[in-house]
Amino acid sequence: MNKLLNSALNTVERIGNRLPDPATLFVILIGLVMLCSWLAAMLGISVTHPGTKENIPAINLFGAELLQRLLVEMPQTFASFPPLGMVLVVMLGIGVADKSGLIVALLRRFVSSTPRWLLSSALVFAGIMSSLAADAGYVVLIPLGAVLFLGAGRHPLAGIAATFAGVSGGFSANLLLTSLDPLLAGLTQVAARIIAPASEVTVTANYFFMAALTPLLTVLGAWITDKVVEPRLGQYTKSTEDDALSGPEAVRGESKALLAALAGLAVFTAIVAVMVLPREGILRDAEGGFKPFYQSLIALMFLGFLITGLIYGMMTGKIRNDRDAVTMSADSMADMAHYIVLAFLAAHFIALFTWSNLGLIIAISGAEALRAMEFTGLPLIISFIIVTMVINLFIGSASAKWAVMAPVFVPMLMLLGYTPELTQAAYRIGDSATNILTPLMPYFPLVIVFAKKYSRDFGIGTLVAMMLPYSIAFSVGATLLLIVWMLLGIPLGPGVEMIYSP
């Protein structure tokens with residue numbers, strides 16, 4: 001079985017890596033999208049939005065108006081690419097913490113106290129829980145996963161895989177409510193009111209199920225890492241740059257510097273708590289909500305890394321003046337040069353794909369095709385999950401997909417006797433499972449950049465082959481859990497049942 005699996009994954013990797021450099025691939029994809037938009041527009045292809053009943057035609061990207069928009073908005077399209085600012089801001093702080101030696105020192109201590117067998121589970125679980133901090137897990141946890149594995153004498157690419165699986169493949173699961181819960185619940189409620197105008201879908205609609213999904217995905221992710229991904233990667237040969245992580249020698253005064261840095265972090269955390277915990281705090285909104293705090297997490301992470309890195313560097317003598325600190329931040333930006341190029345191209349590809357309406361056309365057509373199959377019961381739920389997984393390869397945004405799919409599937413399943421909350425839970429399974437496979441996911445190029453640090457030949461095919469076992473395991477495991485949930489009639493959330501009674 002292992003030989004067959006390795007052979008299949010090697011084939012995926014070989015085919016994928018025959019593709020051009022990711023930057024060149026995005027240029028090719030941009031050309032293909034433009035050609036497809038011209039062809040679709042010429043054929044008069046259009047769909048009707050199931051929620052707004054608006055006609056959505058394919059838009060020809062070669063039209064004068066769209067070409068003008070492409071050129072006029074080029075700087076804005078690049079600058080407004082969501083991951084770009086987030087990545088660069090955090091990396092400015094991480095650069096100081098990294099170049100000063102703080103991160104290496106902390107990881108050295110962490111590795112020495114964490115059992116080797118527990119490391120995979122810890123990274124997958126941390127990745128799943130990172131959705132509390134929006135997309136910060138992509139920027140911070142994934143590269144740390146590689147360094148942690150390296151420090152423990154394991155393959156760093158397996159650390160990237162485990163963390164990426166948790167952050168992206170397990171995005172919908174969590175032990176706590178995240179910003180995704182109210183977002184999806186609001187769209188589900190609107191769709192449910194097509195059938196029942198008084199329908200109420202709460203923020204906790206899927207809480208029990210998503211909380212149960214967290215340990216399941218943690219165990220599956222750890223098992224895939226230890227039994228499938230890492231054995232396939234083989235033994236990692238360290239480079240000279242890697243030796244600092246696992247070397248036995250600590251810098252002079254490291255312990256005192258670490259304590260001082262942690263003390264600085266404690267003071268910073270206390271200041272943040274003062275701004276967050278009181279109802280009138282600076283990082284609370286007018287209604288007392290925490291939205292400003294959540295939106296400030298990237299800035300707070302930047303400041304946290306910067307402050308602790310400065311303290312540690314000054315205590316160990318790595319930072320002697322302001323020029324040293326500025327140089328460290330500048331060096332971290334130089335390390336991101338390849339990602340900046342990829343981000344420029346990825347931003348324009350995603351923008352053009354959105355402007356062409358091809359994503360919406362694919363999503364709505366897929367949803368209508370599934371409804372035409374007239375499945376019922378478990379086959380319908382399973383088919384719905386599969387369709388969501390496929391659509392997720394083209395439209396990464398959870399809310400954008402659900403805005404299109406909810407008006408179709410929520411009323412349809414209500415008429416078949418299933419609650420809106422069940423449909424939403426099934427959607428969340430499919431929405432996450434293929435995140436780790438599609439180059440259309442905004443952070444996909446960033447993961448490739450992280451991996452190239454440890455393997456210069458690492459490409460799209462390598463990443464897809466590495467993540468495919470996680471995608472299969474997560475989708476099958478989560479679907480089976482939902483089936484068990486349905487058969488046993490376990491509430492999906494507080495007071496939420498499976499069966500809809502009009």
Distance-only, no hydrogens or angles: does the [X] side chain make a donor-acceptor pair with backbone N or O of [Y] under 3.5 Å?
{"X": "T163", "Y": "G127", "result": "no"}
{"X": "N357", "Y": "A58", "result": "no"}
{"X": "S168", "Y": "A165", "result": "no"}
{"X": "Y207", "Y": "L175", "result": "yes"}
{"X": "S296", "Y": "P292", "result": "yes"}
{"X": "S432", "Y": "I429", "result": "no"}

Exercise for the section: Measure up the H348 and F344 rings against each other and bin them: parallel (under 30°), tilted (30 to 60°), perpendicular (over 60°). Expected result: tilted
Search all heavy atoms of [X] against all heavy atoms of [Y] and return the closest pair with its distance.
{"X": "A126", "Y": "L141", "answer": "O-CD1, 3.4 Å"}
{"X": "D226", "Y": "S120", "answer": "OD1-OG, 2.6 Å"}
{"X": "A425", "Y": "F209", "answer": "CB-CD2, 4.3 Å"}
{"X": "T225", "Y": "A162", "answer": "OG1-CB, 3.5 Å"}
{"X": "F384", "Y": "A426", "answer": "CD2-CB, 3.7 Å"}
{"X": "S471", "Y": "L437", "answer": "OG-CD1, 3.5 Å"}

pair [X]-[Y]: side-chain heavy atoms closer than 4.5 Å:
{"X": "L92", "Y": "L306", "value": "no"}
{"X": "L217", "Y": "V124", "value": "no"}
{"X": "I160", "Y": "L157", "value": "yes"}
{"X": "T48", "Y": "E54", "value": "no"}
{"X": "L277", "Y": "F293", "value": "no"}
{"X": "M389", "Y": "T434", "value": "yes"}
{"X": "F208", "Y": "W485", "value": "yes"}
{"X": "D181", "Y": "R428", "value": "yes"}

Practice task
Could I get the full list of side chain to side chain contact (heavy atoms under 4.5 Å, CB included) partners for V274, not counting sequence neighbours?
Solution key: none
Exercise for the section: In plain terms, say whether R279 and E287 are close enough for a salt bridge, that is, a side-chain N and a carboxylate O under 4.0 Å apart. Expected result: no
Please report, to 0.1 Å, the donor-acceptor pairs under 3.5 Å made by any side chain of residues 32-45, with sequence neighbours excluded.
{"residue": "S37", "atom": "OG", "partner": "V33", "partner atom": "O", "Å": "3.4"}
{"residue": "S37", "atom": "OG", "partner": "M34", "partner atom": "O", "Å": "2.7"}
{"residue": "S37", "atom": "OG", "partner": "L61", "partner atom": "N", "Å": "3.1"}

Practice task
Mark yes when over 12 heavy atoms from residues, nucleotides or ligands other than I282 sit less than 6.0 Å from its CD1; otherwise mark no.
Solution key: no
